[in-house]
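What follows is a single structure, written as structure tokens, with notes after it.
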Amino acid sequence: MQSKGIDNMKNILVTRSSMPTLDEYIDEIKDIWETHWLTNMGTKHKELQKKLLEYLGVEQIDLFTNGHMALELSLQAMNLPKNSEVITTPFTFASTTHAIVRNGLEPVFCDINPIDFTMDVTKIEGLITDKTSAIMPVHVYGNVCNVEEIQRIADKYGLKVIYDAAHTFGVRYKDKGIASFGDVSCFSFHATKVFNSVEGGAACFKSDDFGLDLYRLKNFGIRGPEIVDGVGANAKMNEFCAAMGLCNLRHVDEEIAKRKKVVERYNERLFGIDGIQLNPIQENVKPNYAYYPVIFEEKTFGSSRNEVFEALAEEGIGARKYFYPLTNTFDCFHGKYDPSLTPVALHISKRVLTLPLYADLALEDVDRICDTVLKCKE
Ligand SMILES: *Cc1c(COP(=O)(O)O)cnc(C)c1O
């Protein structure tokens, strides 16, 4: 008798990791029991590398323990001058900014555009000084940055471009894999991302020399059995994670297609509502439906972002203030950066909520989420 009520009240998390069946995973890891080769670039690592190269349509790829290490070590392998400036966005996950700071480089925050929340390319040139060495943009929510304009600026001033592509697995722009742009692009295969290897990451690049430097940074600086000529870390992807990646890769297109259905249902329910801004559809982009951000304008919507967040929480629905706070306001930086210099990012971060989105989210649950959101307008 109560089961219906309980069903209706079931909690909805903001995300749910994609997994193969247990049988498929067991099948994939069986060889590991024969070889006893658990890590250090074994057959699973090599196979995943090869399959991803094809799937992502890139020239070269290396795999890492996680997306952050791919990003941090890619930046290190660039050998940028110490204390030089890297132009980046504060509207991102902590990882992007931390990768810069942990390399002894200085983040310089560029504002975002209010349409797709990527770096506002009209503001980049004004931030360039004689200390600028690189640009580190983020394809945030899976939205593609203005890659042409960023490359034009980089070429004009001799800057490197490192893309944080953590949100853009499988995205294509003008029929090219998203990681074909810039000097290097880094993906995250974290459990919460569109494609996961439990934890994992990849860097995609074009230069052989860069690839060799990067490889040594993920493997203690070891060049050969008796030669260690770099001060490297350890960021190798192990065989169990690579096996999970191999399984999930077989289903990722299906997963993205299911995400698309969820996003379409959200759009049907929320498009055209006064006070709500949705994520745009970008031209020439094959999207991956990674996130469902909604911007709530209190004056016209009638409720603030925080009120909607609370209303959803009361219904057992987990939304996320993603990205809030901005990275240039983090406590660890002790007020070093002035967020009023990135006013659009500040504005959006106070109003944004990402709603639950994953392949197996039922359309009835999307309806329940939308009902709860729309009730805040009454
Ligand atoms: C997830 C994420 C990362 C870091 O990836 P991990 O695999 O969790 O280390 C970096 N940047 C952005 C924007 C992310 O969302």
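Just follow the structure's listing: the first ligand is 1, and inside any ligand the first atom is 1.
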Q) What's the verdict on side-chain hydrogen bond (donor to acceptor under 3.5 Å, both in side chains) for His190 and Ser188, showing C-alpha distance, side-chain angles and the deciding distance? A) CA-CA 5 Å; His190 183 255; Ser188 162; 5.5 Å; no
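- The local environment of OH in Tyr55 is crowded, with over 12 non-hydrogen atoms from other residues, nucleotides or ligands closer than 6.0 Å.
- For the pair His167 and Tyr141, the tightest heavy-atom approach, listed with the atom from each and the gap, is ND1-N, 2.8 Å.
- Across Thr96, Leu105, Thr89, a single residue satisfies side chain to side chain contact (heavy atoms under 4.5 Å, CB included) together with Met136, and that is Thr96.
- Salt-bridge formation is detected for the pair Glu125/Lys156: a Lys NZ or Arg NE/NH1/NH2 atom is positioned less than 4.0 Å from an Asp or Glu carboxylate oxygen.
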**Q.** salt bridge (charged side-chain N to carboxylate O under 4.0 Å, His left out) assessment of Arg368 paired with Asp371
**A.** CA-CA 5 Å; Arg368 179 153 81 86; Asp371 290 343; over 6 Å; no
Tabulate distances under 3.5 Å between N/O atoms of ligand 1 and N/O atoms of the protein, writing both atom names on each line.
{"from": "ligand 1", "atom 1": "5 (O)", "to": "Ser188", "atom 2": "OG", "distance (Å)": "3.2"}
{"from": "ligand 1", "atom 1": "7 (O)", "to": "Gly67", "atom 2": "N", "distance (Å)": "2.8"}
{"from": "ligand 1", "atom 1": "7 (O)", "to": "Ser188", "atom 2": "OG", "distance (Å)": "2.7"}
{"from": "ligand 1", "atom 1": "9 (O)", "to": "Gly67", "atom 2": "N", "distance (Å)": "3.3"}
{"from": "ligand 1", "atom 1": "9 (O)", "to": "His68", "atom 2": "N", "distance (Å)": "2.8"}
{"from": "ligand 1", "atom 1": "11 (N)", "to": "Asp164", "atom 2": "OD1", "distance (Å)": "3.4"}
{"from": "ligand 1", "atom 1": "11 (N)", "to": "Asp164", "atom 2": "OD2", "distance (Å)": "2.7"}
{"from": "ligand 1", "atom 1": "15 (O)", "to": "His167", "atom 2": "NE2", "distance (Å)": "2.8"}
{"from": "ligand 1", "atom 1": "15 (O)", "to": "Lys193", "atom 2": "NZ", "distance (Å)": "3.2"}
{"from": "ligand 1", "atom 1": "15 (O)", "to": "Tyr322", "atom 2": "OH", "distance (Å)": "3.4"}

